Novice: 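First, the structure itself, so that you have it in front of you.
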Amino acid sequence: MSSLPSLLGLRPIVEAQSAGLTKSPDCFPSGHLSSMLTCRYVHRNGALACKTALAKAYGRASAGRASPNRTAPRPHLGVLARPGKLFFPHPPLVQSKQGGSWARHHQLSPSALARTRTIHPLHTAKDSRMAMSTSESAIPAEEQARLVETSKRLAAYQAVKDHLLPEYTRVGIGSGSTVIYVVEAIAALGAAATRAMTFYPTGAQSEELIEAAGLTLQAINKLPAGAQLDVAFDGADEVDDDLNLIKGGGACLWQEKIVATSAKQFVCVADFRKLSPRLGTSWKKGIPIEVLPMAAPRVLDELKRIGSHNPRVRPGLPGKAGAIVTDNGMWIIDAPFTPLLLPKDGESGIQAGNGDNGVWTVDALADHLIKIPGVAEIGLFYGSNGLQAASGAQKPVAAYFGMADGSVEVMTAAS
Ligand SMILES: O=C(CO)[C@H](O)[C@H](O)COP(=O)(O)O
């Protein structure tokens with residue numbers, strides 16, 4: 001039997017693009033969301049629908065059969081492939097505005113939904129049924145891991161397609177496993193497209209990625225005074241309804257924040273596991289905080305005082321005995337908190353989110369953490385986004401999520 005990723009068509013999409021297949025011009029608006037688009041891949045002459053074209057182009061039986069007139073089913077957002085449906089044994093917890101108690105749900109808020117559209121690079125009824133019937137027990141671990149990789153790659157290619165314009169010359173490249181696919185997508189554009197571009201890394205890993213892809217590398221401190229990056233791409237550990245992020249799972253958060261805030265547009269790329277109504281619901285390891293090693297004990301004391309549950313210096317094992325040391329010679333403390341509220345949660349008057357009983361809004365906690373002596377930078381990306389601030393925004397203008405059904409959901413910032 002074909003593997004799920006091959007049914008989802010990841011490689012075919014990538015190969016289709018390099019083989020000259022293009023997206024169908026007849027993308028059509030869906031009935032579910034006004035901005036939702038469903039797209040198909042076709043030959044240049046437009047004669048064949050996606051899967052037929054791919055099977056012919058690559059002789060891959062796994063690309064499946066499709067009638068030329070087949071159109072993709074339109075998934076109902078919030079039902080298909082929500083985080084928690086597939087892989088999280090304990091669904092994310094979100095504070096219910098109505099009852100004031102903790103209620104389980106996976107839905108985006110209406111305002112987040114209104115800012116979300118779904119793109120189906122390649123999608124069949126069969127894929128859709130598979131995604132819907134999938135549960136954590138139904139898919140072997142190896143297949144789950146491949147599905148996640150597929151999702152990351154789909155999101156990366158779509159984000160690069162939408163946000164890397166040919167005239168851009170300065171591009172930020174973040175860190176982590178998803179960014180590998182961002183660099184892959186950029187390199188796939190070819191030397192002619194990227195020759196005039198310079199790429200600015202967020203640490204040792206992305207430096208290597210840029211060099212290995214044959215792209216031009218430049219340190220962020222060489223960005224001329226007053227200049228900005230045209231765009232920066234980076235991953236995230238968790239993304240909430242308002243596009244606040246937790247970052248730093250790979251211990252690169254300090255340089256990541258410098259690069260993100262140096263960009264006119266910061267674009268986040270992730271897989272479906274990262275989409276979360278409130279920060280701290282699915283990412284349970286805590287908020288990464290980069291600290292001066294000598295200050296770590298005092299920072300830990302303060303974190304406990306303000307309600308963090310068991311904050312810890314991140315260990316370097318198995319690779320290194322003792323604490324992890326960042327690219328900047330610092331340590332990382334991971335500080336778990338009760339899921340972080342948004343301003344709209346406070347409007348109900350149920351929770352103030354000012355730290356009482358350890359319950360914080362994202363902004364209030366971030367403002368407090370960054371002022372603790374010895375804290376170099378925090379892994380909360382918050383505040384205004386690139387549409388609201390002329391420069392220096394930490395939040396992305398858009399977050400791309402590769403979904404388990406082979407679609408890409410794009411959540412855009414409010415202006
Ligand atoms: O913030 C980061 C590293 O400091 C990464 O962007 C974040 O951890 C996501 O990583 P991945 O793409 O591997 O899931």
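Note: hydrogens, waters and symmetry copies are ignored here, and every other heavy atom, side chains too, is used. Everything quoted here is computed from the prediction, not taken from an experiment. Note that ligands are numbered from 1 as they come in the structure, with each ligand's atoms numbered from 1 the same way.
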Novice: Are the side chains of Asp363 and Leu342 in touch, meaning some heavy atoms are under 4.5 Å apart?
Specialist: no
Novice: Purely on distance, is any nitrogen or oxygen of Gly250 under 3.5 Å from one on ligand 1?
Specialist: yes
Novice: Before we go on, tell me: are the rings of Tyr400 and His163 under 6.0 Å apart, centre to centre?
Specialist: yes
Novice: Please list the nearest protein heavy atom to atom 7 (C) of ligand 1 with its residue and the distance rounded to 0.1 Å.
Specialist: Asp237 OD1, 3.2 Å
Novice: Which residue pairs satisfy the side-chain hydrogen bond (donor to acceptor under 3.5 Å, both in side chains) criterion with at least one member in residues 218-227, sequence neighbours excluded?
Specialist: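 Not a single pair qualifies under side-chain hydrogen bond (donor to acceptor under 3.5 Å, both in side chains).
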Novice: Out of curiosity, is Lys274 lining ligand 1, as in a heavy atom under 4.0 Å away?
Specialist: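 Heavy atoms of Lys274 do come under 4.0 Å of ligand 1.
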Novice: So for ligand 1, is Ser177 a polar contact partner (N or O within less than 3.5 Å, distance only)?
Specialist: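 N/O-N/O distance under 3.5 Å: yes.
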Novice: Evaluate the ring planes of Phe337 and Trp360, with Trp represented by its six-membered ring, and classify them as parallel (under 30°), tilted (30 to 60°) or perpendicular (over 60°).
Specialist: perpendicular
Novice: What is the nearest protein non-hydrogen atom to atom 12 (O) of ligand 1, stated with its residue, atom name and distance?
Specialist: Thr178 OG1, 2.5 Å
Novice: Give the atoms of ligand 1, by number and element, whose distance to some non-hydrogen atom of Asp234 is under 4.0 Å.
Specialist: 6 (O)
Novice: Closer than 4.0 Å to some heavy atom of Gly235 - which atoms of ligand 1 meet that?
Specialist: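 Atoms satisfying the 4.0 Å criterion: 6 (O).
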Novice: Tell me the contacting part of Ala236 for ligand 1: side chain, backbone, both, or neither, using a 4.0 Å heavy-atom threshold, strictly below.
Specialist: backbone
Novice: Less than 6.0 angstrom from the centroid, inside 45 degrees of the normal: does Lys274 satisfy that with respect to the ring of Phe401?
Specialist: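 Relative to the ring axis of Phe401, which defines the angle, Lys274 lies outside at least one limit.
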Novice: From the options Lys247, Glu256, Glu238, select the one whose nearest heavy atom is closest to atom 3 (C) of ligand 1.
Specialist: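 Closest candidate by heavy-atom distance is Glu256.
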Novice: Looking only at distances, can you tell me whether any N or O atom of Gly176, backbone or side chain, sits closer than 3.5 Å to an N or O atom of ligand 1?
Specialist: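 In fact, backbone or side chain, Gly176 has no N or O that close.
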Novice: For ligand 1, which atoms have a heavy atom of Gly248 less than 4.0 angstrom away?
Specialist: 1 (O), 2 (C), 4 (O)
Novice: Counting N and O atoms only, with roles assigned by atom type, does the side chain of Asp237 sit under 3.5 Å from a partner on the main chain of Gly248, one being a donor and the other an acceptor?
Specialist: yes
Novice: To check you understand the geometry: which heavy-atom pair defines the closest contact between Val183 and Ala213, and what is its length?
Specialist: CG1-CB, 3.6 Å
Novice: Answer yes or no: is there a donor N or O on one side and an acceptor on the other, between the side chain of Arg314 and the main chain of Gly249, under 3.5 Å?
Specialist: yes
Novice: So which of Ser175, Gly249, Ala251 gets nearest to atom 5 (C) of ligand 1, if we judge by its closest heavy atom?
Specialist: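 It is Ser175 whose heavy atom sits nearest to atom 5 (C) of ligand 1.
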